[in-house]
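Everything on this sheet refers to the single structure shown next.
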Amino acid sequence: MLSENMQKALNSQINKEIYSSYLYTAMSMYFEVEDLSGAASWMKTQALEELTHADKFMSYVNERGGRVILEALKKPVFSWETPLDAFSGALVHERFISASINDIVSLAREEKDFMSDNFLQWFVAEQVEEEASVSEVIRMFKLAGGAGGGLLMIDRELGSRVFIPPAAE
Ligand code: OFO
């Protein structure tokens, strides 16, 4: 059985994961408007991945006999100055998510809830990947200088990302 505090923390994380999906959908729509279909597709894939993260948390809460409570989502930002700004925003957001997951790990350890601690380790590892992949895109945009043929090449590269559902990983 989950403690009340742990259930609250996990529900709050479910909201953050679904919000992540909402934010990346907003970024995807921004890239559509900017005619960067590869970046739009990359962000749409990211948005789908975030829903699988929320789903993992929801399944875990249910498995532990807890109650999933869905809260309202806040409105995401929907416009950015440049593609680099949007990806920089994504990195800030991923760091926020990493900190949030670390806080739940701390709570699990305080409460000696080793099942939750063990469950959360998947997310700890995943955040290393999430931060690294967004940082890599930022690096590419910086190298290309934000315009011209370089930008089109990056866009093509970003468009090659495909969604891999967790079960098939
Ligand atoms: Fe992008 O992170 Fe979920 O967990």
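Atoms within a ligand are numbered from 1 in the order they appear, just like the ligands themselves. Small disclaimer: the values here were computed from a predicted structure and weren't measured. Quick note: residue numbers are just sequence positions, from 1.
A salt bridge does not link Lys16 with Glu50: every distance from a Lys NZ or Arg NE/NH1/NH2 to an Asp or Glu carboxylate oxygen is 4.0 Å or more.
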Quiz item: Do His53 and Ser20 pass the side-chain hydrogen bond (donor to acceptor under 3.5 Å, both in side chains) test, and can you show the C-alpha distance, the side-chain angles, and the key distance before you say yes or no?
Solution: CA-CA 10 Å; His53 293 169; Ser20 302; over 6 Å; no
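Nearest to atom 3 (Fe) of ligand 1, among the N, O or S atoms that His53 has, is ND1. Considering just the N/O/S atoms of Glu94, the one nearest atom 1 (Fe) of ligand 1 carries the name OE2. Distances from atom 3 (Fe) of ligand 1 to the N/O/S atoms of Glu17 are shortest for OE1.
Looking at ligand 1, you won't find any N or O of Gln46 less than 3.5 Å from one of its N or O atoms. Backbone and side-chain nitrogen or oxygen atoms of Gln127 are examined, and one is located within less than 3.5 angstrom of a nitrogen or oxygen of ligand 1.
Ligand 1 places these atoms under 4.0 Å from at least one heavy atom of Phe123: 4 (O).
Because its NZ or CZ atom is not both nearer than 6.0 Å to the ring centre of Tyr24 and within 45° of the ring axis, Lys44 does not count as a cation-pi partner of that residue.
For the pair His93 and Leu23, the minimum side-chain heavy-atom distance is below 4.5 Å. Two residues are said to be in side-chain contact when any heavy atoms from C-beta on lie closer than 4.5 Å; Gln127 and Arg95 fail this criterion.
The residue from Phe141, Phe87, Phe163 that alone fulfils the ring-ring contact (aromatic ring centres under 6.0 Å, His included) condition with Trp42 is Phe87.
To the nearest 10 degrees, atom 1 (Fe) of ligand 1 sees OE1 of Glu130 and OE2 of Glu50 at an angle of 100°.
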